[in-house]
Amino acid sequence: MRRRGIQKIRRQFEIEKEKREAKLLIENERQEARRMHELDMMKIKFFTNVSHEFRTPLSLIMAPVDKILKQTEAKEQRNQLQLINRNAKRLLNMVNQLLDFRKMEVQELRLHARSGDIINFIKEMVYSFSDVAEKKHIRLVFDSEIQNLIVNFDHDKIERIIFNLLSNAFKFTPDGGHISVLLAILEKDSGKQQLEIKVIDTGIGIPLDKQDRIFERFFQNEVPGSMVNQGSGIGLSITKEFVKLHNGEISVQSEPGQGSYFTILLPVDLATEEEVSINEPDFHRTAVSENPDWVQAGGGNSIKKLSVLLVEDNEDFRFYLKDNLNETFNIIEAANGKEGWQKTLALHPNLVVSDISMPEMNGIDLCRKIRNDKRTSHIPVVLLTAVTDEEQQLQGLETGANDYLTKPFNFEILTSKLKNILTMQQDMRKTYQKQLDVKPTEVETESLDEAFIKKAVQIIEKNIDNAEFSVEELSSELCVSRVTLYKRALALTGKSPVDLIRTIRLKRAAQLLENSQLTISQISYKVGFKSQKYFVRCFKAEFNCLPSAYVSNKNK
């Protein structure tokens, strides 16, 4: 009896020990997985930075080659130039894969679809591999059931999809093999049509137990020792993401030693996805703070980043800028100078960083407009360009740019320059700008400026429950133009007229929350907000807490 008791205790002790060991093993595995993930992210970040260094010289190779191609008639020379151009594009595609992978990590991949003939587009992509096929004695076949198909699709991403699949096919198909790209239209049960794209090769194939994993990031299948270049393991994962962006599907069938064929199904009615700007600020503009830093302290422990408008027509480079500056600043994006000017007027960023060579309006013209307009003349501008010509730099600086950087540049230097400019700007504002704390019905007037603000506050209070009350009506009742009202309000209070009206409404709402029994919904309408949801957003932006929390804090 006693022996059985001892054995039972010993067994329980052993079970507990096994549990502890298993728990420790699981924890070690988790830590190892975290370390591996962090290492992967460090590698991707490094290669992303290196990739951007490659893009500038690649662009400088491709641009003159394209120009010479247009001017050359001799067939032999054209063939040589086309060979240079094709391989430069391939190298650029490889560089872009790393940039795409970085976008996948931060969920920044977006579809930019436009109308085009997808059949001929894919056909041209396939035949761009003719020189590789000839070199490896591989028979390359393209066949389509239909001649033309006009749909909306992202040209760049479809090009990358076909490029990745064909690159893999040529990489793993031995000399003398076959590669085919076949297109067809399929009818679904629902009556909708799909474009079927098949990429078939007679290569080494993929084992059945590995076929479900080939679309995973960093997965690399074992290949014969004769094949040195196994790739990075990210091409097919990017391909799958691009197919999903088009609301399509991708699958693979393969047999070791017999080859593989990838099947892509894309809906024929591909729709253009609306482009949405990420990290674009809300209705309110970040105001200048009393802190001599590039961030603005809000209530409690919250921090508001100052806003920087990036104006760059190259989407990849704009993403690269944003990816590097996002931790320090609140980033607004614009794809050209015209859009940049519109966003400068509408959002009043704290600083503008602009490329020079852009469609619609170049960076020098944008800088000139910002400097010559009284509404925006206070906003600093930093110009970027790949051209090192001193004459162009001088032209940019003469328009009023605060600084000038040539590509490629060190991002730590860029960040430091932006911080220094913003710090200097805020120091100047503190020194020369008279700031008045505007509160409803509590402004004491001693000067003409204070009388002007007091009258403005009285007019706003008189119309505080009027949701339609506008800046035009305020300027009319003050007997000044909108421009004059804007300048005086900004100089005296640090706020635009729109922000001033909103601030008075919100501070009156705070008074009502403290001293009345009205509900939040009733108060929001009483101070001129049409939507309670919008009121709550504005209130949180002003006081760094929700209206309900504001009441609780005051009661405490």
Side-chain angles (χ1 to χ4, degrees), residues 276-291 295-307 330 332 346-350 435-444 453-475 477-478 485-486 489-490 492-556:
V276 179
S277 232
I278 307 297
N279 284 329
E280 194 164 290
D282 269 338
F283 48 85
H284 62 282
R285 176 174 68 89
T286 307
V288 178
S289 77
E290 291 291 321
N291 300 327
V295 293
Q296 173 187 347
N301 296 322
S302 66
I303 294 292
K304 287 183 183 178
K305 299 176 185 176
L306 294 185
S307 56
N330 184 28
I332 310 165
L347 302 171
H348 289 275
N350 297 101
Q435 294 279 347
L436 295 177
D437 183 20
V438 180
K439 297 180 180 178
T441 68
E442 292 178 11
V443 178
E444 295 180 6
I453 290 298
K454 182 180 180 181
K455 186 176 180 183
V457 171
Q458 288 173 343
I459 293 167
I460 294 168
E461 286 190 321
K462 190 174 83 172
N463 295 276
I464 204 158
D465 60 347
N466 179 9
E468 304 298 331
F469 184 69
S470 64
V471 174
E472 286 84 356
E473 291 176 77
L474 179 59
S475 61
E477 291 204 35
L478 286 169
L485 173 60
Y486 183 93
L490 198 63
L492 294 170
T493 69
K495 298 178 184 293
S496 68
V498 173
D499 289 337
L500 182 62
I501 293 171
R502 187 183 295 114
T503 300
I504 298 298
R505 291 184 190 277
L506 292 170
K507 291 191 175 182
R508 174 53 55 84
Q511 292 173 348
L512 291 172
L513 284 168
E514 289 180 49
N515 303 314
S516 76
Q517 300 298 316
L518 297 174
T519 64
I520 293 172
S521 178
Q522 290 170 331
I523 290 172
S524 68
Y525 291 113
K526 196 171 183 64
V527 296
F529 284 85
K530 291 181 179 178
S531 161
Q532 182 182 339
K533 185 178 178 182
Y534 179 62
F535 166 73
V536 170
R537 282 174 55 204
C538 293
F539 193 95
K540 186 178 179 183
E542 182 71 19
F543 296 99
N544 295 292
C545 66
L546 296 172
S548 53
Y550 183 87
V551 175
S552 301
N553 291 338
K554 289 297 178 182
N555 290 338
K556 288 178 184 177

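Since we're looking at a predicted model, the values are computed, not measured.
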| field | Asp465 side chain to Lys526 backbone, donor-acceptor under 3.5 Å | value |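 Between the backbone of Lys526 and the side chain of Asp465 there is no qualifying donor-acceptor contact (under 3.5 Å).
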
| task | May I ask you to decide if Asn330's main-chain N or O and Ser307's side chain share a donor-acceptor pair within less than 3.5 Å? | result |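 The answer is no, because no donor-acceptor pair under 3.5 Å joins these two groups.
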
Quick one: [atom1] on [X] to [atom2] on [Y], what's the gap to the nearest 0.5 Å?
X	Y	atom1	atom2	value
Tyr534	Ser524	OH	OG	12.5 Å
Ile523	Gln532	CD1	CD	10.0 Å
Ile453	Leu500	CD1	CG	6.0 Å
Ile464	Ile459	CD1	CD1	13.0 Å
Gln511	Arg508	CD	CZ	5.0 Å
Ile501	Lys495	CD1	NZ	12.5 Å

Which heavy-atom pair separates [X] from [Y] by the least distance, and what is that distance?
X	Y	result
Glu542	Thr503	OE2-CG2, 3.8 Å
Leu485	Pro497	CG-CG, 3.8 Å
Pro547	Leu513	CB-CD1, 4.0 Å

Under a 4.5 Å cut-off applied to non-hydrogen side-chain atoms, are [X] and [Y] in contact?
X	Y	value
Val471	Val498	yes
Arg502	Cys538	yes
Phe543	Lys507	yes
Tyr525	Thr519	no

| said: One pair to check against side-chain contact (heavy atoms from CB on, under 4.5 Å): Val527 and Leu506. What are the steps and the verdict? | reply: CA-CA 7 Å; Val527 296; Leu506 292 170; over 6 Å; no

| task | Applying salt bridge (Lys or Arg N to Asp or Glu O under 4.0 Å), run through Lys530 and Glu468 and close with a yes or a no. | result | CA-CA 9 Å; Lys530 291 181 179 178; Glu468 304 298 331; 2.7 Å; yes

